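Here is the structure we will look at, set down as structure tokens.
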Amino acid sequence: MSTSPTSPRPSVIQLAIKEQAALYAAYIPLFAEGGIFIPTAREYKLGDDIYVLLSLPEDPQRYPVAGKVAWVTPAKAAGSRTQGVGIQFPKDEKSKQLKLKIEEILGAQVGSDRPTQTI
């Protein structure tokens, strides 16, 4: 009998974004499917699976996202950036709807030059 290696369960993070400005700072439009920055002191590696329960401003619904770490801001990063990870949304219909919802909330800010938590 062979045993297959078990991958660790993805961590679950609840992220409640209460303001449009905070959503703008956390949203990552660079990723084709969209993504979100999560402030965390926990160490993650690129490609790690993370399950996020995301709440958006003025929206009672919580959006479950099974994403992957695609960005890491280490502790003591240059420019006093917040330590955390950027999660890339998966390529599925729910993520497409979530990306549209976020961009609808942000409106014209999506193309703004204001700095964010990532780029």
Side-chain angles (χ1 to χ4, degrees):
M1 182 170 105
S2 68
T3 58
S4 61
T6 58
S7 60
R9 287 184 43 212
S11 52
V12 177
I13 295 179
Q14 294 189 40
L15 180 64
I17 299 177
K18 297 181 175 15
E19 304 163 354
Q20 194 177 14
L23 180 60
Y24 173 80
Y27 180 57
I28 309 173
L30 178 76
F31 298 152
E33 288 76 39
I36 201 84
F37 178 82
I38 300 171
T40 179
R42 188 164 165 192
E43 300 273 328
Y44 287 99
K45 295 183 196 73
L46 292 177
D48 282 354
D49 291 317
I50 295 187
Y51 190 77
V52 184
L53 289 171
L54 179 64
S55 302
L56 300 174
E58 298 174 32
D59 185 345
Q61 186 172 343
R62 287 169 62 189
Y63 299 89
V65 179
K68 284 201 178 297
V69 174
W71 178 284
V72 176
T73 302
K76 301 179 184 79
S80 301
R81 294 208 180 269
T82 304
Q83 180 180 1
V85 292
I87 305 304
Q88 184 170 10
F89 296 163
K91 290 182 184 178
D92 62 20
E93 192 56 37
K94 281 195 306 189
S95 294
K96 194 182 292 184
Q97 295 305 318
L98 177 56
K99 180 180 181 192
L100 289 172
K101 176 80 176 161
I102 290 171
E103 291 182 353
E104 181 183 302
I105 291 169
L106 293 177
Q109 293 184 54
V110 171
S112 169
D113 289 338
R114 282 201 343 256
T116 69
Q117 294 287 356
T118 53
I119 46 169

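Residues take their numbers from the sequence shown, with the count starting at 1. In this text the structure is predicted, and so the values were computed from the model without any measurement.
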Exercise: identify the closest heavy-atom pair between [X] and [Y]:
| X | Y | answer |
| --- | --- | --- |
| P90 | G67 | CD-CA, 4.4 Å |
| F37 | T82 | CZ-O, 3.2 Å |
| V69 | Y44 | CG2-CB, 4.0 Å |
| L46 | W71 | CD2-N, 3.6 Å |
| P39 | L15 | CD-CD1, 4.3 Å |
| T73 | R81 | CG2-CB, 3.9 Å |

Just by distance, do the side chain of K99 and the backbone of A32 share a donor-acceptor pair under 3.5 Å?
yes
Expected output: side-chain Q83 to main-chain A77 donor-acceptor under 3.5 Å:
no
Taking salt bridge (Lys or Arg N to Asp or Glu O under 4.0 Å) as the test, write out the residues that go with D59, two or more places apart.
K101
Taking salt bridge (Lys or Arg N to Asp or Glu O under 4.0 Å) as the definition, give me every residue that meets it alongside K96, ordered by chain and number, with sequence neighbours left out.
E93
Test: salt bridge (Lys or Arg N to Asp or Glu O under 4.0 Å). Region: residues 64-80. Which pairs qualify, not counting sequence neighbours?
D49-K68
Just wondering, are more than 12 heavy atoms of other shown residues or ligands nearer than 6.0 Å to CD in E58?
no
Partner residues of Q14 under the side-chain hydrogen bond (donor to acceptor under 3.5 Å, both in side chains) criterion, sequence neighbours left out:
R62
Please report the interatomic distance [atom1]([X]) to [atom2]([Y]), rounded to the nearest 0.5 Å.
| X | Y | atom1 | atom2 | answer |
| --- | --- | --- | --- | --- |
| I50 | R42 | CD1 | CZ | 7.5 Å |
| I13 | I38 | CD1 | CD1 | 4.5 Å |
| I102 | L54 | CD1 | CG | 5.5 Å |

Tell me, with the steps shown, if L23 and I36 meet side chain to side chain contact (heavy atoms under 4.5 Å, CB included).
CA-CA 8 Å; L23 180 60; I36 201 84; 4.0 Å; yes
When Ile, Leu, Val, Met, Phe, Trp and Tyr are grouped by side-chain heavy atoms lying under 4.5 Å apart, directly or through other members, which residues fall in the same group as Y51?
V12, L53
Quick one: list whatever passes side-chain contact (heavy atoms from CB on, under 4.5 Å) with L100, sequence neighbours left out.
Q97
Residues I17, Y27; criterion side chain to side chain contact (heavy atoms under 4.5 Å, CB included); working and verdict
CA-CA 10 Å; I17 299 177; Y27 180 57; over 6 Å; no
